[in-house]
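Indexing begins at 1, ligand by ligand and atom by atom, following the structure's order. Start at 1 with the first residue, then count along the sequence.
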Amino acid sequence: MCDVKEIKNYINGVFVEPKSGKFIESLCPATGLINAKVPSSETSDVDDAVQSAKQAFYGWSNTSPQDRCNIMRRIADILESRLDEFAQLESQDQGKPVTLATSVDIPRAIYNFRFFASVILHETDDCTHLTNPTNALNYVHRMPVGVAGLISPWNLPLYLLTWKIAPAIAFGNTCVAKPSEFTSVTAWKLCEVFTQAELPPGVVNIVFGDGPTAGEAIVKHKDVSVISFTGSTAVGHHISEVVAPLCKPVSLELGGKNAALVFGDANLDDCVQCCVRSSFANQGEICLCTSRIYVDSTIYEEFVAKFVQRTKLLKVGDPDDKSTNVGALISKQHWEKVKHYINIARDDGGKIECGDGVEQLRLPQRVKGGFFIQPTVVTGVDDSSRCVQDEIFGPVVCIMPFNTEEEAVKRSNAVKYGLCATVWTSDLARAHRVSKKLEAGTVWVNCWMVRDLNMPFGGMKQSGIGRESAKHSAEFFTEAKTVCIKY
Ligand code: NAD
């Protein structure tokens with residue numbers, strides 16, 4: 001049984017109720033019971049948060065990188081000392097197995113602060129020397145943009161929120177952040193850590209509430225200089241339209257429909273093991289999850305058999321149970337959406353090799369009211385099926401055979417998204433050739449989700465605009481100014 005958390009906004013270093021006095025009930029996905037009461041913030045709450053961030057900006061932007069680094073390292077250390085508590089809260093709020101939150105979500109949130117804390121100690125900038133007819137020294141000064149608006153989704157709540165907060169404040173900005181209304185608990189708890197780490201009041205302000213009200217008020221606010229958004233392509237489109245007349249830089253990390261390309265010379269056991277993980281980790285609710293697998297027709301039957309066999313070993317159930325591999329989907333509404341897509345696969349002539357509707361789901365009593373779906377493997381669908389084209393964002397993967405390398409690349413690229421892809425081969429030349437042709441922001445060869453935060457992360461086509469990394473986030477959260485000194 002979860003105790004109901006009464007969340008408050010964090011403005012100017014203080015926890016405050018939303019002015020409306022209204023709250024949104026957020027459910028525990030594994031039980032269907034109320035987990036948290038999330039402030040239903042409105043424009044006036046966002047105004048207060050932006051005002052606080054504006055006031056804190058002068059002081060914070062004038063601190064030295066070393067001072068900012070020290071505070072961010074303190075945040076990381078405190079978070080680390082509370083890792084198990086945060087992992088438990090994340091699992092209750094999001095539905096993911098507690099083991100995943102303990103090994104991935106919270107460690108990465110900690111690392112986000114440590115990473116950017118160190119990035120700012122090692123920054124250098126370009127300079128040029130002009131001679132004849134004028135002697136001049138040019139150098140680049142990067143100045144923080146001011147108040148950053150940061151909006152994040154529900155699938156990796158603290159991981160993705162801190163991936164925005166850490167660079168924003170590292171480069172000397174202050175911010176107003178809004179996590180998803182479905183998963184606000186760890187963001188709220190993080191505010192305690194900010195206070196404990198003596199982050200000056202107003203540097204980070206967190207306003208909770210839904211997207212069209214609280215989120216949009218941040219996007220539209222005249223004193224918010226940039227918007228960093230991670231979420232769906234549909235909302236990304238809308239935000240683009242809202243910011244266009246405001247001349248406001250926006251970074252959009254959006255949806256995906258990621259392909260795996262499995263060639264005949266791949267190490268099949270390694271490939272199957274990793275592709276099962278990349279398809280079903282976090283219930284398939286990671287933007288980087290594999291949802292289409294194209295397999296060389298010479299090994300197709302063997303691949304499907306091994307893949308299905310391994311998928312059936314995944315244990316769906318109570319996220320609290322350390323032996324659980326697949327937890328609950330975020331909400332009833334999302335559960336219905338995923339079910340709907342499995343029905344589309346059936347209607348389009350697909351065969352459900354395992355998962356939903358094939359095996360009976362047996363759940364422990366405690367989680368009988370939760371939003372669970374077994375990992376579902378679909379074969380026999382055509383590339384034109386909506387099941388192959390649309391982002392389902394759940395534990396569903398389609399496997400399809402191909403005959404030539406060219407065909408595999410062409411079909412992988414034939415969706416509107418371009419976030420990531422994986423390539424499975426032992427032929428190095430092919431790995432380079434195929435990676436070069438794939439329309440995806442990240443291509444992993446013989447692996448998945450191996451991340452070096454120095455490398456650009458982001459999507460092509462409808463998967464987003466902009467990149468995040470040490471360098472790219474520095475560019476996004478600062479303005480480059482050329483200073484020219486004649487001598
Ligand atoms: P969503 O777009 O519904 O919501 C994301 C955030 O935007 C939430 O905080 C929401 O409250 C807010 N929002 C909604 N409407 C808004 C508006 N009009 N103005 C401002 N903010 C608004 O996405 P979601 O359902 O929370 O997350 C799932 C989606 O996120 C999937 O499509 C997934 O692929 C994508 N995602 C992408 C990445 C990436 O790095 N590319 C990472 C994680 C998730």
Hey, is S152 one of the residues with a heavy atom under 4.0 angstrom from ligand 1? yes
Mind checking whether G464 has a heavy atom under 4.0 Å from ligand 1? no
Is it the side chain (CB and beyond), the backbone, both or neither of [X] that lies under 4.0 Å from ligand 1, heavy atoms counted?
X	result
A234	neither
V235	side chain
L254	backbone
A214	neither
F182	neither
L288	neither

Mark up the atoms of ligand 1 that fall under 4.0 Å of a heavy atom belonging to P179, in ascending order. 9 (O)
Using the ring of each side chain (for Trp, its six-membered ring), is F280 parallel, tilted or perpendicular to F307, with breaks at 30° and 60°? tilted
Any donor-acceptor pair under 3.5 Å linking the side-chain atoms of T186 with those of W188? no
Can you tell me if K461 has over 12 outside heavy atoms packed within less than 6.0 Å of its NZ? yes
Looking only at N/O atoms, are G211 and ligand 1 under 3.5 Å apart anywhere? yes
side-chain contact (heavy atoms from CB on, under 4.5 Å) partner of F171, chosen from E123, R68, R142: E123
